[in-house]
Every structure is written in structure tokens, then in C-alpha cells.
Amino acid sequence: MKEELFKRLDDKKDRIVSIRRHLHEHPELSFHETNTKQYIVDFYRDKDCDVQTFTGGNGVVVTIDSGKPGKTLAIRADFDALPIKEETGLPFASQNEGVMHACGHDGHTAYMLILAETLIELKDQFTGKIKVLHQPAEEVPPGGALQMIKDGALDGVDNVIGIHVMSPMDTGGVFYREGAIQTGRSNFNVTIHGKGGHGSSPHMANDAIVAASYFVTAVQTVISRRLDPFSVGTITIGSFDGKGQFNVIKDHVTLEGDVRAMTEETRRLIQTEITRILDGIKAMFGITYDLDYQNDYPVLMNDEKLTDFVSQTLKDADIKEVTEVTRCEPQPPSEDFAYYAEKVPSCFFYVGAKPANGVFYPHHHPKFDINEDCLLIAAKSMGAVVSEYLKGSAN
């Protein structure tokens with residue numbers, strides 16, 4: 001099956017690229033991907049599979065049933081874009097002003113559609129079922145995975161596997177790691193309330209900007225002085241809304257922050273310490289504060305046994321376009337694929353997508369782009385794992 005699968009994917013490479021470019025031209029923001037959802041549904045029209053959509057979101061679940069008993073493997077691809085003005089200059093750049101596929105989800109969907117089509121053509125050669133999870137809204141909490149799970153996408157599923165294309169990683173490389181592979185994420189919004197007044201009379205006011213500035217500086221000591229040096233955590237203050245007039249003392253300032261951690265214990269510690277610092281600033285400056293602290297995506301945990309199966313399968317697959325299959329370091333971003341991994345043993349791995357000239361821009365950058373050769377590699381890599389899994393080798 002694997003050899004036939006690879007041959008058919010080779011023949012369809014240009015279609016994968018064409019679909020990716022179409023999706024890149026027509027990006028849609030998280031929770032608003034109605035046209036992309038319809039594009040996916042239309043793709044499967046008249047194909048021998050079951051297509052399920054949901055009223056609660058834009059997710060699409062495609063079930064490919066071999067008609068023979070066996071396990072059920074889910075494979076996931078996300079399809080939302082970001083609120084970024086594209087600056088790539090590509091001939092197929094975004095036609096939706098201020099919206100851009102700056103994370104590779106267009107590529108995920110393109111390779112997955114053609115892979116799914118090919119698996120449908122070959123379904124008499126495997127056992128069990130494949131569930132293709134076309135997931136919306138990965139970029140914005142609470143994320144699309146939770147709604148997919150609520151809608152029953154994981155019902156009867158034994159394992160879930162996902163891929164992310166990565167612009168900093170060399171094209172031709174496939175990368176994996178067992179255990180904690182991506183950070184958990186939290187975010188917070190804090191408003192510091194002081195007392196407004198005239199710039200000439202600070203003694204009659206209580207400057208919220210000064211108190212908020214102390215917070216920005218002090219909160220970094222959580223990482224440098226409260227965290228175990230062998231733990232991983234970051235705190236970023238991404239927004240400081242204190243705009244006013246030069247001679248007016250602000251009565252309130254609103255800040256927004258981002259927190260990342262590689263263990264739930266670290267994430268809880270950071271939350272506790274942020275609250276402690278705010279209480280200290282409250283006492284020091286006589287201010288009050290309102291804190292809204294949200295824990296969203298968990299740490300993404302790759303199942304050790306399944307990851308070993310995936311990595312060994314990829315090493316044995318003899319994919320001509322793959323130059324290396326390598327264990328990598330954990331990755332700093334967060335992923336709502338982590339919610340699937342909390343429910344069933346899962347594996348999330350990476351396919352290198354660095355442009356051929358070696359110059360890359362990071363994900364979420366307005367000039368982000370991928371080497372489109374990565375799309376066929378992703379399709380063959382996922383296809384190799386699926387074909388090996390559904391002949392019983394993952395038991």
C-alpha cells in the first residue's frame with residue numbers, strides 16, 4: 001500500500017501546491033472560516049467517505065472506513081489564518097486585507113485533502129478507519145480542538161497524529177520528540193487603577209503609569225528569581241495601554257500578558273507569583289487592580305509509545321524527499337492539539353519548510369513563507385504512518 005500511496009501522491013504534487021495557493025489567497029480568521037469550511041466540504045463531494053459538519057463550529061470530520069475491523073486513527077490539519085497584513089509579495093498573496101496564512105495552515109489543509117483523497121482510493125488495502133479532522137480556530141483560545149472534541153470528533157478514536165510545517169527547520173527534515181513537546185499557554189489582562197490628576201501636581205494624584213511600569217519590570221523576576229533554573233517559562237507583556245496627554249496623570253492603565261511553560265506546575269507557579277507581585281504593588285503604591293487570568297492551551301504531551309512507532313516508521317519509510325528523521329528539542333509555541341493528546345495517546349511532529357534560498361521568516365511574521373516541497377513530504381510522512389498503523393503495527 002505504501003508504495004502505491006507514494007506513487008499516487010507524486011502524481012498529485014501539483015494539485016497539492018495549487019490548493020495551498022488557493023487557500024493562501026483566501027485566508028479567514030479563527031472562528032470565521034465559513035468559506036474555507038465549504039471549500040473542504042465541496043472537495044469531498046462524491047467521494048466514498050462520510051463527511052460530518054457541526055452547527056457549533058466550522059470543523060469538518062471525514063471518516064474513511066475500510067469495511068474491515070481494526071483500529072481508528074485520527075489525523076488532524078488546521079485551517080485558520082491570522083490578523084496580519086501580508087508582505088510577502090507572492091503572486092498568490094492574500095486577497096483579504098489584513099488577514100494572512102502566516103503559520104502554514106494553508107499547507108496543512110492542502111496536503112491533508114490530497115492525502116485523504118488518496119487514502120479513500122486505497123481504502124480496500126487497510127483495516128479499520130481513518131478520521132480526518134479538519135480543524136478551525138487553532139490560533140485563538142479557546143481554540144477549535146475543544147469544540148471538535150465536544151462535537152464527538154474523538155468518539156471511537158484510538159490515537160491522533162498531527163503535523164506542523166516549520167519554516168526554521170530545513171526542508172527534507174522530519175522532526176519528532178516524545179513527552180512534553182510544546183509549551184502550555186496562559187494569558188492575562190490587568191487594569192491598574194490609581195487617581196488621575198494634573199501633571200504639575202503629582203502629590204494630589206496617584207499615577208497608574210508609574211505603578212504599571214513597576215509591574216512590567218518586577219514581573220520578569222518571576223522567571224529569573226522564582227523559577228527553577230532547569231524549568232522553562234516566559235512572561236511577555238504584549239500590550240501597555242496608557243495613552244493619554246503629556247500633562248495629565250492617568251487614573252488607570254491596562255496591560256495584557258502572555259505566559260508559556262513546559263509543565264503545569266510551572267504554569268501554576270507563574271500565576272501565583274504574578275498575583276503576589278500585584279498585591280505588593282497595590283500595597284506599595286496604594287492602587288487597586290482587576291486581574292483576568294486565563295489558562296488556555298495545555299502543555300502538548302506526545303505519547304512515548306506512539307511517538308516511538310511514528311519515528312521508527314518514518315525512518316523505515318524510505319521517503320526519497322526526506323533527508324533526515326531527527327529527534328528535536330521542545331518547541332516554544334503552544335498548540336491546541338494538546339487537547340486531543342489529553343484525551344487519547346497522540347503524536348505531533350514537524351516537517352521542515354525552510355525556503356530554498358535559506359532565508360526564512362518566523363511563523364506569524366508578515367513575510368512568512370514555506371518551501372512548497374514540504375507539502376509532499378508532509379503527505380508522504382503522514383501517509384506512511386497511516387498505512388503502517390492500519391495494518392496493525394501500532395498495537
Problem set entry | From Glu97 atom CD to Glu86 atom CD, the distance as rounded to the nearest 0.5 Å |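 Here the rounded value is 10.5 Å.
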Exercise. For the side-chain contact (heavy atoms from CB on, under 4.5 Å) test, which of Leu390, Leu306, Leu314 pairs with Val385?
Worked result: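 Going through the options one by one, the only one that passes is Leu314.
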Exercise. Out of Val310, Ile319, Ile161, which residue meets the side-chain contact (heavy atoms from CB on, under 4.5 Å) rule with Ser381?
Worked result: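 Only match with Ser381 under side-chain contact (heavy atoms from CB on, under 4.5 Å): Ile319.
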For this session: Look only at the side chain of Glu33 and the backbone of Phe31, and say whether a donor-acceptor pair between them is shorter than 3.5 Å.
Result: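 Side chain of Glu33 to backbone of Phe31: a pair is present.
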Exercise. Between the side chains of Lys12 and Thr118, is a donor N or O closer than 3.5 angstrom to an acceptor N or O?
Worked result: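 Side chains of Lys12 and Thr118: pair found under 3.5 Å.
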Strictly under 6.0 Å, is that where the ring centroids of [X] and [Y] end up?
X: His22; Y: Tyr39; value: yes
X: His24; Y: Phe92; value: yes
X: Phe79; Y: His105; value: no
X: Phe348; Y: Phe337; value: yes

Exercise. Does the side chain of His164 come within less than 4.5 Å of Met166's, by heavy atoms?
Worked result: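 Yes, their side chains come closer than 4.5 Å.
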Exercise. Are any of the side-chain heavy atoms of Pro366 and Tyr361 separated by less than 4.5 Å?
Worked result: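 Not touching, per the 4.5 Å side-chain cut-off.
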For this session: Establish, for the pair Lys47 and Phe43, whether the NZ or CZ atom is under 6.0 angstrom from the six-membered ring centre and no further than 45 degrees off its axis.
Result: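 Yes, cation above the ring, under 6.0 Å and within 45°.
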For this session: Assign the ring pair Phe188 / Tyr293 to parallel, tilted or perpendicular, where the plane angle (0 to 90°) is split at 30° and 60°.
Result: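 Ring orientation, 0 to 90° scale: parallel.
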Salt bridge present between [X] and [Y] (N-O < 4.0 angstrom):
X: Lys380; Y: Asp318; answer: no
X: Asp158; Y: Lys71; answer: no
X: Glu3; Y: Lys7; answer: no
X: Arg76; Y: Glu335; answer: yes

Exercise. By side chain to side chain contact (heavy atoms under 4.5 Å, CB included), which residues pair with Ala211, not counting sequence neighbours?
Worked result: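 Per chain and number, Ala211 pairs via side chain to side chain contact (heavy atoms under 4.5 Å, CB included) with Ile192, Ile281, Phe285, Ile287.
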